[in-house]
Enquirer: 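Sharing a structure here in structure tokens format.
Atoms within each ligand, like the ligands themselves, are counted from 1 in listed order. Residue numbers count from 1 along this sequence.
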Amino acid sequence: MSEAHLLKQALRAVVSGQLRASRDPHRPAWHLAPPVGLMNDPNGFIQFNQRYVLCYQWNPLACQHGAKFWGQWSSSDLVHWQHEPLALAPSESYESHGCYSGSAVDNDGVLTLVYTGNVKFDDGSRTAWQCLATRDERGEYRKLGPVLALPEGYTGHVRDPKVWQHEGQWYMVLGAQDLMLQGKVLLLRSPDLHQWTLLGEIAGSQLNGLGDFGYMWECPDLFELDGSQVLVVCPQGLAAEQWRYRNTFQSGYFCGELDYENAHFQHGEFHELDHGFEFYAPQTCQSADGRRLLIGWMGIPDGDEFFQPTKAHGWMHIMTCPRELTVAAGRVLQHPARELQQLRQQEVRFSGSADSLPDLDIDSAELALSIDGVCHASFADTLTLDAEPQGITLRRHNLRSGEPEARYWRGEVRTLRILCDRSSIEVFINDGEAVMSSRYFPDPLPQLRFSGSAQIALRHWRLQQCVI
Ligand code: FRU
């Protein structure tokens, strides 16, 4: 379909649907959400000429997955975002079934997108092209077409290029599935973003002593932080265990050391990045002041998503808040980006036993707590959090089946920082040691009630609305 036609369809969908979407009481006050339609992965996250650009996988035409566009926002401070014209529409034959996920780089002053052109065939098979697009001074993207076809030895599932520069060369990691149906991460090198050489598989199922570790690995991201190299990736097909891997698909990281010359990544164990119900396909960028920032999709492509009530208002899914990463003792720590403190309104403090605390307004709020003992927190009777000596449990009822479901984090709980935004919570445990992100759909608007014998010292802030 021609680009002009696709853009017209998208524009019509936004103009006719955005009022209904904006009136949804579950619409976030300060998290990013699509104006209409279904949003998934963050893409092309970069700070360029002092402005953050964040694109996203987007089907503006319906609340379902399909031939994805790239929507686009920008911000000077990670808090106040503005919608920008759509970046990519799947108009060309090499991307006929979607401009799939990818990243952005600053190529000598030119903002360049590297993304996957996804093509499906009638017999159910597919292929993938890694493609380029550049942004001009007027902010318009021009597609340069494919620069890499499917490498030999892999199925049509090769996608999600994340590109960075190292010692004068460009490097790319790609998520891939080999012909034995094992998930892998490929490392490639290029002098100019156009000619790519496959250096090898740096991680994957059946590699580096991992054993069977999923049939496809999506959305890899590789960066250096605090003296360690971190590979973030989303393996699909890990079996659920008692305390971990409870979501349909996982998202986590390996810390290690990358040998660029031999394409070898010596890494430690896989750790989940988030222990909540909804988190997937995160992407990072480096800010001008040297911080490694991460934004994830607060969703999972598992089918249950279509039972979320926002679908009836014509929009689905939100991004997580921007997070700052650090590495200590081989583990990634996550903290809400410091810029978010701008949203805080008047602070209220409480302390005492959990049973004695008043109900709190958590429509759009931040809480910082220290906890000593056992406590139960009920978010509008829809989602509960139990802090016990052995860890944290989040519970809710599955939107599709109505069955109770739970997610866990195991460890000693000392402090919690909880960010609430109408239909989401993000719980940062022990100063970033772990995070649990989840959607929930309270009706009417949310209140938080504590009970239990724990001694709690709590700070509470209402957060200002700031999403357009
Ligand atoms: C992850 C993912 C990516 C793909 C995109 C398509 O959620 O499946 O692998 O590029 O979403 O929307």
Enquirer: Show the atoms of ligand 1 that are less than 4.0 angstrom away from any heavy atom in D160.
Expert: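 Those of ligand 1 that fall under 4.0 Å from D160 are 3 (C), 4 (C), 9 (O), 10 (O).
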Enquirer: For ligand 1, find out whether one of its N or O atoms is nearer than 3.5 Å to an N or O atom of Y280.
Expert: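 So ligand 1 has no N or O lying under 3.5 Å from an N or O of Y280.
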Enquirer: Strictly below 4.0 Å, N to O, side chains only: are R135 and E140 in salt-bridge contact?
Expert: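 Answer for the salt bridge query: no.
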Enquirer: Using a 4.0 Å cut-off to any heavy atom of S101, which atoms of ligand 1 qualify?
Expert: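 Those atoms are 5 (C), 10 (O).
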Enquirer: Check the side chains of D24 and W315 for a donor-acceptor pair under 3.5 angstrom, ignoring hydrogens and angles.
Expert: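 A donor-acceptor contact under 3.5 Å links the two side chains.
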Enquirer: Got an N/O contact under 3.5 Å between D41 and ligand 1?
Expert: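 N/O-N/O distance below 3.5 Å exists for this pair.
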Enquirer: Between K184 and E201, does at least one N-O distance fall below 4.0 Å, as a salt bridge requires?
Expert: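 Judged by the 4.0 Å cut-off on N to carboxylate O distance, K184 and E201 do form a salt bridge.
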Enquirer: Could you give me the CA-CA distance, side-chain angles and deciding distance for L111 and Y141, then say whether side-chain contact (heavy atoms from CB on, under 4.5 Å) is met?
Expert: CA-CA 9 Å; L111 199 166; Y141 288 93; 4.2 Å; yes
Enquirer: Could you tell me which atoms of ligand 1, counted from 1 in the order shown, lie closer than 4.0 angstrom to a heavy atom of K68?
Expert: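 Those of ligand 1 that fall under 4.0 Å from K68 are 12 (O).
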Enquirer: Would you mind running through ligand 1 and noting each atom that sits below 4.0 Å from a heavy atom of N40?
Expert: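 Contacts of ligand 1 toward N40, numbered from 1: 5 (C), 6 (C), 7 (O), 11 (O), 12 (O).
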Enquirer: Within the 4.0 Å heavy-atom shell around Q57, which atoms of ligand 1 are there?
Expert: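 Listed by number with element, the hits are 5 (C), 6 (C), 12 (O).
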Enquirer: So, E339 and R291, do they make that salt bridge, N to O below 4.0 Å?
Expert: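 The answer is yes: the pair qualifies as a salt bridge.
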Enquirer: Is the distance from the ring center of W73 to that of Y56 below 6.0 Å?
Expert: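 Centroid distance W73-Y56: below 6.0 Å, so yes.
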Enquirer: Counting non-hydrogen protein atoms only, what is the nearest one to atom 8 (O) of ligand 1? Give residue, atom name and distance.
Expert: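 Going by distance alone, atom 8 (O) of ligand 1 is nearest to E218 OE2, 2.9 Å.
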Enquirer: Would you give the length of the straight line joining atom CD of Q57 to atom CG of L88, rounded to the nearest 0.5 angstrom?
Expert: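 If I round to the nearest 0.5 Å, the distance is 9.5 Å.
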Enquirer: Hey, does W297 come in under 3.5 Å of ligand 1, counting only N/O atoms on both sides?
Expert: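 By distance alone, the answer is no.
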